[in-house]
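Worksheet: one structure, shown below.
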Amino acid sequence: MTTSELKPIIEALIFVSEEPLSVKQIAILLEDEAVENIEAAADELIEDIDARESGLSMRRIAGGYRLTTRPELSEYVRRLLKSQPSARLSLAALETLAVIAYKQPITIPEILEIRGKVSTSAVKTLLDRRLIVSKGHKQVVGRPMLYGTSKEFLIHFGLNDLSELPNLEDFEDLVSS
Amino acid sequence: MTTSELKPIIEALIFVSEEPLSVKQIAILLEDEAVENIEAAADELIEDIDARESGLSMRRIAGGYRLTTRPELSEYVRRLLKSQPSARLSLAALETLAVIAYKQPITIPEILEIRGKVSTSAVKTLLDRRLIVSKGHKQVVGRPMLYGTSKEFLIHFGLNDLSELPNLEDFEDLVSS
Amino acid sequence: MGEAATNHSIGLPELETGTGANSSGEQYRVKLEIFEGPLDLLLYLIKKEEVSIYDIPIARITEQYLEYLSVMKELDIGVAGEFLLMAATLIQIKSRMLLPRDPLAPKDEADDPRNELVYQLLEHQKFKGAANVLHQRATIEGAAYHRGAIESDGNNPEIAATIFQLFEVFRQVLDRQRAITEIEIARDEMTMSEKIAEIKLLVARSGQVRAADLFSAARSRREIVLIFLGLLELVKELAVRLVQEQTFGDILIRSREENQIDAVV
């Protein structure tokens with residue numbers, strides 16, 4: 001292949017690769033294209049990308065090539081990463097949240113009883129993310145804290161109110177109609 | 001900021017973001033840079049990247065911008081990722097999805113009415129693949145669940161928004177001709 | 001008809017004429033199942049006969065439609081309810097068209113008994129077209145890859161959730177809990193809903209349960225009544241199917257698997 005045919009292919013490969021991609025790996029993917037050709041194209045690509053004044057730069061890292069953002073733009077990148085706190089929950093947190101949503105108000109011992117697993121760290125995550133809030137103490141021995149879902153929870157899952165939680169009948173609707 | 005200052009920043013942000021990044025999100029990160037400026041810079045960036053003959057392309061998807069590899073290079077990328085093209089949707093699922101996309105929000109009985117066929121397993125597949133989501137209950141007897149398409153749907157089909165769906169009337173000629 | 005069977009085809013299937021072709025039954029099975037539903041079969045027949053969708057020769061199309069159904073039956077392909085329903089509709093339209101028109105009534109096209117069917121077919125065809133375009137778009141989109149993970153992604157190994165997932169997860173938690181407590185419940189006097197849950201669980205585990213086994217395991221008259229009522233309830237809810245493979249044979253309780261639902265309604 002010519003250098004100008006190779007360059008876009010190399011760029012695409014580096015873009016999708018999770019690890020720095022070595023010349024040798026690229027050669028294998030391109031059915032034994034000569035290593036020298038690939039190296040020449042990759043070096044030219046580095047220069048091209050630099051000359052573009054784009055937001056990205058291609059670098060040799062750990063014996064391979066990698067695409068990164070330009071260091072001078074790191075301030076903006078950092079802001080983005082900070083602004084995108086994960087809208088994601090672990091399975092443990094999700095299960096705990098599901099139990100709380102459907103059985104609220106509920107205490108931690110009651111959650112354990114239903115899930116069969118200790119969920120304190122999950123409860124903490126949910127509290128931190130404000131998906132659940134405390135709803136006072138249960139009037140039993142030990143006065144354990146009661147938890148329920150928050151307004152944040154409704155927003156996160158796009159619900160108007162708790163009555164919009166799917167119920168068992170809806171599910172049966174789906175599998176049996 | 002000038003367009004040529006904005007372009008590299010936007011490119012870096014879009015590169016880093018895991019999800020399509022909207023003009024509004026970019027504006028917030030850039031301390032209330034005018035939305036029109038960002039949009040103008042982003043559109044210019046799309047053209048720049050196209051003109052570069054690079055391995056990447058920038059596109060509007062699901063209301064935001066996203067960098068991807070060029071489709072024509074998919075063969076090489078696939079070799080690297082050893083990825084199978086993602087599991088195809090069955091014809092039943094695609095047709096059900098089409099009905100939901102055009103008639104949303106819609107209930108299962110309403111889908112049946114249009115398709116003349118029971119599609120619950122297709123609906124379940126679409127839910128599992130997160131191409132559709134529930135949109136609350138219809139306020140009629142039985143309060144059946146309403147379904148609509150998700151952001152995932154837009155991403156999966158490379159649409160910027162629902163207005164980019166092809167016009168249904170265009171398909172009427174197929175039969176009469 | 002299961003989804004799996006139709007995975008491979010978009011658009012109209014290639015099907016040879018009805019009975020008597022020399023393909024094996026197995027090939028027929030694959031081809032016939034491509035008819036997603038009655039509307040697909042009708043559209044196919046209309047195209048094959050090269051007739052206008054706006055002026056369907058109902059007698060001819062009905063005859064062909066019924067012929068296809070009988071082929072499906074002969075080949076032991078479960079003919080889903082909606083195919084039979086459409087057959088009834090076609091026959092009804094046919095007989096209405098045979099009725100002499102009131103000579104005094106104004107000639108009105110809106111009276112054509114075929115109108116509703118034509119409308120349904122047109123709608124169906126439109127969505128088929130849209131489905132085709134979606135398919136093409138997904139193919140193109142599937143060829144564009146997103147960037148690989150970069151360092152900043154590492155702190156996010158979790159899964160994103162929708163309300164449906166939340167619900168699914170809740171059901172799983174409940175199922176797990178049910179499995180643990182089931183043993184305890186068995187010793188107590190059962191309620192109807194517990195009995196139903198137990199039957200469901202049994203059927204889900206082994207796919208099919210002999211009704212006789214269920215009854216003979218009962219330890220009291222009350223439990224027999226509960227099992228009986230529970231079964232009726234489950235059948236009504238369409239949670240299980242009762243099957244008798246031969247006359248006077250065992251009555252089997254089977255779970256309704258996803259892909260069977262369509263075929264049995």
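On a predicted model such as this, the values are computed, not experimentally measured, just so you know.
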Using the test side-chain hydrogen bond (donor to acceptor under 3.5 Å, both in side chains), find all partners of A:E19 that sit at least two apart in sequence or belong to another chain.
none

Are any of the side-chain nitrogens in C:K200 or C:E233 under 4.0 Å away from the carboxylate oxygens of its partner?
no

Salt bridge check: are A:R79 and A:E75 linked by an N-O gap of less than 4.0 Å?
yes

A:E31 meets the side-chain hydrogen bond (donor to acceptor under 3.5 Å, both in side chains) criterion, sequence neighbours left out, with none

Is it the case that over 12 heavy atoms from other parts of the model lie below 6.0 angstrom from the CD atom of C:Q208?
yes

Tell me the residues of residues 42-56 of chain A whose non-hydrogen atoms fall below 4.5 Å from those of chain C, in number order.
none

Hits for salt bridge (charged side-chain N to carboxylate O under 4.0 Å, His left out) against A:D161, two or more places apart or cross-chain, chain-then-number order -> none

